Amino acid sequence: MGLASSQDRPVAWGILSTARIGGALVAGARESSAAGIVAVGSRSAASARAFADAHGIARAHDSYEALLADPDVEAIYVPLPNGMHVDWTIRALQAGKHVLCEKPMDRRPERVAEAFDAAEQAGLVLSEAFMWRHNPQTLRLRALLDSGAIGDVRLIRASFSFPLAADVDVRLDAALDGGALMDVGCYCVSGARLAAGAEPERVSAQTVTGPSGVDLRLCGLLRFPGDVLATIDCGFDVAARDELEVVGSDGRIVLADPWHCRAPALVVERSGAEAEVVEIEPVNSYRLELDDVSAAIREGRAPLLGREDALGQARTIDALYRAAAEDASVPVG
Ligand SMILES: NC(=O)c1ccc[n+]([C@@H]2O[C@H](COP(=O)([O-])OP(=O)(O)OC[C@H]3O[C@@H](n4cnc5c(N)ncnc54)[C@H](OP(=O)(O)O)[C@@H]3O)[C@@H](O)[C@H]2O)c1
């Protein structure tokens, strides 16, 4: 039996921090033949050890710097608080590692551009971790829209909210770029952009700000080329809701679980016909995300989500916050 070539080896990933979401990525990696988690780094040696033991990870580093210096790590997953994403992404790239950075990469388009400039200069892969974009349910939605299943897309409605029980959470920390739009509304932005198949031209928005200074609730209106309109809403102080509805000239498609994709299914209603439910086999989106970025690394190709998508996200989020602050409709970009 010959040795597997280095191109066939699973990509060796390190996790930067002991963030809760890291557990989901580890579970995804367990199902992947393209990726393996080999190390974790934390600001605390004890936390790194506990996380490594809990998740069966071989090496625990007592600092982020030590993880980035680990020669056996090829790629870094960055699940830090939002405001730390770009700094540590750039540090990882400068250490010669490919990077999968948690969403939202940053709310400032110029910082997202800086991160991709660093990746391009180093010849390394960088991708924003919107796991829902990798799920077959999402791919089916786009395929249905492309096939004209509901005619021309005219209206989009996207929601993501949940009641945030904790008083202390990175999501409520203004200095770390918390906020409902950053945490969950960014999925609605991603969903509206995907369904429209374009970038928004103008947006307006209203927010409700909490005592810590972050948006607890946001409603936004996005205008895309071709008179396509989208409404998005998100929140931390309301009941849990996940929904994506795309309305066309001849029907509509509704996804009741668009972001987590735990119970994937699309309901397609065409004018004058019975509603059709398109069932989708549940798949671990984190595994698919890791598979895609790991294959991009090995094959020297672009990942599904690269520079243009991340910039489109940041430009829209930035415009929504500007619109809310100015109580006005503003151009995107
Ligand atoms: N794709 C998804 O499904 C998904 C789901 C949830 C969250 N996320 C994203 O993942 C990121 C992390 O979210 P999370 O809920 O997992 O966060 P979390 O549990 O609060 O973890 C954040 C980690 O960052 C490190 N950290 C460094 N400086 C910190 C500071 N000043 N305050 C707090 N923590 C600090 C800590 O690790 P050490 O103590 O080990 O250094 C901490 O465990 C966010 O960007 C979020 O948007 C994505």
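Here the structure is a predicted model, which means the values were calculated and not measured. Here, residue 1 is the first one in the sequence, and each next residue gets the next number. When a ligand or atom number is given, it counts from 1 through the structure's own listing order. Below, each value reflects all heavy atoms present in this structure, side chains not excepted, and no hydrogens, waters or symmetry copies.
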Contact region, E102 to ligand 1, non-hydrogen atoms below 4.0 Å, reads side chain
Notebook entry, point to check: Any luck finding a side-chain donor-acceptor pair between S190 and W132 under 3.5 Å?
Noted result: yes
_Check for me whether R171 has a heavy atom closer than 4.0 Å to any atom of ligand 1._
yes
So for D169 against ligand 1, with non-hydrogen atoms under 4.0 Å, the contacting part is neither
(Q) Tell me whether ligand 1 is touched by H85 - counting only heavy atoms on the residue side and a distance under 4.0 Å. (A) yes
Exercise for the section: Ignoring angles and geometry beyond distance, decide whether L80 reaches within less than 3.5 Å of ligand 1 through its nitrogen or oxygen atoms. Expected result: yes
The answer for which part of Y187 has a heavy atom under 4.0 Å from ligand 1 is side chain
Atom 23 (C) of ligand 1: closest protein heavy atom, distance to 0.1 Å, is S17 OG, 3.6 Å
Checklist entry - P79: heavy atom below 4.0 Å from ligand 1, yes or no? => result yes
Any heavy atom of Y64 under 4.0 Å from ligand 1? The part involved is side chain
Carboxylate-amine/guanidinium contact D152 R154, below 4.0 Å: yes
Atom 45 (O) of ligand 1 has as its nearest protein heavy atom N82 OD1, 2.7 Å
Ranked by distance from atom 24 (O) of ligand 1, the top protein heavy atom is P81 CD, 3.2 Å
Among non-hydrogen protein atoms, atom 16 (O) of ligand 1 lies closest to I21 N, 3.0 Å
**Q.** Whether over 12 other heavy atoms sit under 6.0 Å from E299 CD
**A.** yes
Just checking, is any N or O donor in the side chain of D242 or Y187 under 3.5 Å from an acceptor N or O on the other one?
no
- Message: With a 4.0 Å cut-off on N to O distance, would you call R43 and D62 a salt bridge?
- Response: no
Practice prompt. Before signing off on this row, confirm whether S47 and ligand 1 have an N or O atom pair separated by under 3.5 Å.
Written response: no
With heavy atoms and a 4.0 Å threshold, my read on which part of M182 contacts ligand 1 is neither
Over 12 foreign heavy atoms within 6.0 Å of CZ, R140:
no
One should read off an interatomic distance between D177 CG and R107 CZ, to the nearest 0.5 angstrom, of 5.5 Å
- When you check the gap from the basic side-chain N to the acidic O, do D8 and R298 get nearer than 4.0 Å? no
The complete set of salt bridge (charged side-chain N to carboxylate O under 4.0 Å, His left out) pairs with one or both residues in residues 321-333, sequence neighbours excluded, reads D318-R322
Inset, instruction - Using a strict cut-off of less than 4.0 Å between a Lys/Arg side-chain nitrogen and an Asp/Glu carboxylate oxygen, indicate whether R157 and E243 qualify as a salt bridge. - result: yes
Short version for Y286: what comes under 4.0 Å of ligand 1, heavy atoms counted, is side chain
heavy-atom search around atom 18 (P) of ligand 1 in the protein gives R20 NH2, 3.7 Å
Query raised in the report: Is any N or O atom of L176, backbone or side chain, closer than 3.5 Å to an N or O atom of ligand 1?
Result: no
closest protein heavy atom to atom 39 (O) of ligand 1 is R43 NH2, 3.0 Å
